[in-house]
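Because the structure is predicted, anything quoted here is derived from the model rather than measured. In the text below, chain A, chain B and the rest are named by the order of the sequence lines, each starting its count at 1. For the numbers below, each heavy atom of this structure counts, side chains included, while hydrogens, waters and symmetry mates do not.
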There are 2 protein chains.
Amino acid sequence: MHPELDSFDRKLLAEVQRDAHTPQNELGVRVNLSTAAVNRRLRRMAELGVIDRYAAIVAPEKVGYSLTIITMVEVESEQIDQLDAMKRTFAQCPLVQQCYYLAGEWDFALVLTVKDMDQYNELTRQLFFSNNNVKRFKTLVSMDRVKVGLGVPVDLDE
Amino acid sequence: MHPELDSFDRKLLAEVQRDAHTPQNELGVRVNLSTAAVNRRLRRMAELGVIDRYAAIVAPEKVGYSLTIITMVEVESEQIDQLDAMKRTFAQCPLVQQCYYLAGEWDFALVLTVKDMDQYNELTRQLFFSNNNVKRFKTLVSMDRVKVGLGVPVDLDE
DNA sequence: TCTGAAAATGGACCTTT
DNA sequence: AAAGGTCCATTTTCAGA
């Protein structure tokens with residue numbers, strides 16, 4: 001089902017999720033592999049899509065986006081095309097960092113980065129009030145981004 | 001307050017958040033700067049902490065973590081040391097991708113990646129049931145990761 | 001795994017504003 | 001001074017034997 005990843009691959013994944021700028025020879029000494037082997041394995045995992053991409057992680061507060069907000073959204077209609085339209089709207093908005101479509105009471109959870117409450121207020125009009133498929137929404141203000149990342153666990157044993 | 005970022009810096013940030021593997025000479029032609037200037041600016045932003053780090057983004061479903069769950073947690077006591085202990089617990093758990101400490105009804109929102117419901121069930125025991133500072137928690141199952149990222153908007157104008 | 005070529009990074013130095 | 005550009009040394013990546 002999944003591509004075969006052996007224990008070397010998984011160790012590499014763990015390293016490279018933490019810091020993608022570690023040179024491959026250094027990775028080699030850490031996982032006990034030659035530079036070339038590291039290179040081949042990383043390339044392979046990128047081709048397989050296991051490694052989706054490499055990205056710079058920017059500290060939001062350093063660029064003026066110091067407010068993180070989580071918004072729960074309930075929709076009026078769950079018709080596919082309505083939902084798809086909403087998903088597209090949310091996905092396209094640069095202030096929406098993350099959007100999950102949920103089972104249960106709430107239909108969407110959004111993680112938003114904004115400069116301040118004013119900006120959130122405006123966003124609120126744009127995304128929710130002016131969208132007549134939004135039945136209600138609930139705003140949760142983050143006081144502390146305790147842990148933020150996209151790290152996927154890798155089972156180093158097994 | 002924030003470090004000064006001019007329009008070149010912001011363009012670079014946008015590029016590099018999307019794909020950190022673009023070579024600096026290519027970045028140079030895109031933003032109209034020499035390779036050396038690109039290099040200096042990226043390094044400076046890394047030193048300033050604007051660029052927190054570079055990371056490989058792994059596709060969770062490709063490594064067997066195909067379930068994303070959002071859990072809301074309400075605590076019993078909001079004493080600082082109790083809270084800190086919880087924050088540490090959550091932050092340390094590899095299955096916890098993200099953890100936000102919230103104002104209002106719920107105290108924490110967690111974004112979790114797990115293999116399946118069994119694993120979530122077990123995690124639930126470990127993190128919530130066996131923690132007597134957890135008053136209650138609510139599980140929201142994600143059916144679609146509509147948008148997932150840590151991208152911070154950069155104001156290309158201004 | 002080793003070796004070497006090609007590419008990318010990063011520093012020195014000079015020039016422009 | 002502050003920042004850009006060019007050129008060069010070093011480091012890193014990556015393919016072939």
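Residues T71(A) and F128(A) have side chains in contact (heavy-atom distance under 4.5 Å, counting atoms from C-beta outward). Counting heavy atoms from C-beta on, the side chains of M72(B) and L140(A) come closer than 4.5 Å. In this structure, K62(B) and L48(A) have side chains that are not in contact, with every pair of non-hydrogen atoms separated by 4.5 Å or more. The closest side-chain heavy-atom distance from V141(A) to M117(A) is below 4.5 Å. Residues Q119(B) and L67(B) are not in side-chain contact: their nearest non-hydrogen atoms beyond the backbone lie 4.5 Å or more apart. Side-chain contact between E26(B) and D19(B): absent, with no pair of heavy atoms (C-beta onward) separated by less than 4.5 Å.
If you measure from atom CG of L42(A) to atom P of dA15(D), you get 13 Å, rounded to the nearest angstrom. Whole-Å rounding puts the D19(A) CG to dT12(D) P distance at 12 Å. Atom CD in E4(B) sits about 12 Å away from atom P in dA2(D), given to the nearest Å. Note: NE2 (H21(B)) to P (dT12(D)) measures 13 Å, nearest angstrom. Rounded to an integer number of Å, the gap from L27(A) CG to dT12(D) C1' is 12 Å. Atom CD of E47(A) is separated from atom C1' of dC14(D) by 12 Å (rounded to the nearest Å). In this entry the distance linking OH of Y54(B) with P of dT12(D) reads 15 Å, nearest Å.
Side-chain atoms of N39(B) and R43(B) include a donor-acceptor pair closer than 3.5 Å.
Contact annotation for A37(B): backbone-only contact, meaning every heavy-atom pair under 4.0 Å involves sugar-phosphate atoms and none involves a base. Across all strands shown, R41(B) has heavy atoms under 4.0 Å from sugar-phosphate atoms exclusively, and none from any base.
Using a 4.0 Å cut-off, no side-chain N or O of S34(B) falls inside it from OP1 or OP2 of dG4(D). Applying the 4.0 Å criterion to OP1 and OP2 of dA15(D), one finds that R43(A) has a side-chain N or O inside that range. Put simply, R40(A) has no side-chain N or O that comes within less than 4.0 Å of OP1 or OP2 on dA15(D).
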Run the numbers on R136(A) and E105(A) for salt bridge (Lys or Arg N to Asp or Glu O under 4.0 Å), then give the verdict. CA-CA 11 Å; R136(A) 63 187 180 116; E105(A) 179 189 1; 3.6 Å; yes

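For the helix from dT1(C)-dA17(D) to dT17(C)-dA1(D), the angle separating the two terminal helix axes comes to 20°, with each axis derived from five pairs and the value rounded to 10°.
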Polar-atom pairs under 3.5 Å, protein N or O versus N or O of nucleotides 4-9 of chain C: list them with distances, or write none.
unit_1 : atom_1 : unit_2 : atom_2 : d
dT9(C) : OP2    : Q24(B) : N      : 2.9

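Clustering of Ile, Leu, Val, Met, Phe, Trp and Tyr by side-chain heavy atoms under 4.5 Å joins V29(A) with none of the others.
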